Structures are given as C-alpha cells and as structure tokens.
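Reading through the structure tokens given below for one structure.
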Amino acid sequence: MMRDDLLQRIAALPANADVGIQIGDDHLDITDVIAWGDGDFGALRCHPNDVRDLLAAWGLHDRRSE
C-alpha cells in the first residue's frame, strides 16, 4: 500500500481510534513508524514482545532467543 492511500484510510477513522496490525485473528500494537531503504520505504514497527507472544500462540519458535 502506498503512503498516501494508507494516510487517507487512517484519516477516515475517528480521531480516538486505536490503529494496530491484524495478523489472522491476532492484533499487534504499533510502536513506531520507520523509514528504510534510503527512505524509499516505510514500516510500521510492532513491540517485540507482541511479536514473540504471537509466535508463541501460533506454536512457532522465535530462533532469535537461542
């Protein structure tokens, strides 16, 4: 999705709406928006503990913890 399209969709939400990331039936909180690829791309960053909890709930192993 392009930035302007994302901003239009977010702007259409009520001002007090919480915006997160949905993966399947699970939701992750957004902690930051970062630029990468020399600023040509943007990413929504999630809290690492949320990602770890999601992987654990799905029965997947986070190999970074080894």
Side-chain angles (χ1 to χ4, degrees):
M1 176 176 287
M2 300 303 288
R3 182 196 63 123
D4 288 348
D5 188 33
L6 176 64
L7 292 175
Q8 286 176 347
R9 290 178 188 221
I10 291 173
L13 296 170
N16 62 343
D18 189 19
V19 178
I21 297 173
Q22 181 176 353
I23 300 175
D25 292 333
D26 295 299
H27 294 83
L28 303 172
D29 290 333
I30 297 170
T31 60
D32 199 2
V33 178
I34 59 169
W36 55 280
D38 294 328
D40 293 331
F41 300 94
L44 303 175
R45 180 175 282 170
C46 299
H47 195 282
N49 290 338
D50 286 350
V51 176
R52 184 202 65 224
D53 293 346
L54 173 68
L55 293 173
W58 286 7
L60 302 173
H61 180 65
D62 183 0
R63 295 198 169 135
R64 292 177 300 164
S65 63
E66 291 181 346

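Model, not experiment: these values are computed from the prediction.
- Every side chain to side chain contact (heavy atoms under 4.5 Å, CB included) that I21 has, sequence neighbours left out, goes to I23, L28, I30, L44, C46.
- With sequence neighbours excluded, the residues satisfying side chain to side chain contact (heavy atoms under 4.5 Å, CB included) with H27 are Q22.
- Between the CG atom of D29 and the CG atom of D18 there is a distance of 6.0 Å, given to the nearest 0.5 Å.
- With sequence neighbours excluded, no residue satisfies salt bridge (Lys or Arg N to Asp or Glu O under 4.0 Å) with R45.
- Within the model, atoms CG of L54 and CG of D26 stand 5.0 Å from one another, a figure rounded to the nearest 0.5 Å.
- Under the rule for a side-chain hydrogen bond (donor to acceptor under 3.5 Å, both in side chains), D40 has no partner lying at least two apart in sequence or in another chain.
- Residues satisfying the ring-ring contact (aromatic ring centres under 6.0 Å, His included) test with W58, not counting sequence neighbours, are none.
- With rounding to the nearest 0.5 Å, the separation of CZ in R3 from CD in Q8 is 10.0 Å.
- Side-chain heavy-atom separations under 4.5 angstrom define the hydrophobic clusters, and the remaining members of the one that includes W36 are F41.
- If you chain together hydrophobic residues whose side chains sit under 4.5 Å apart, I34 and L7 never meet in one group.
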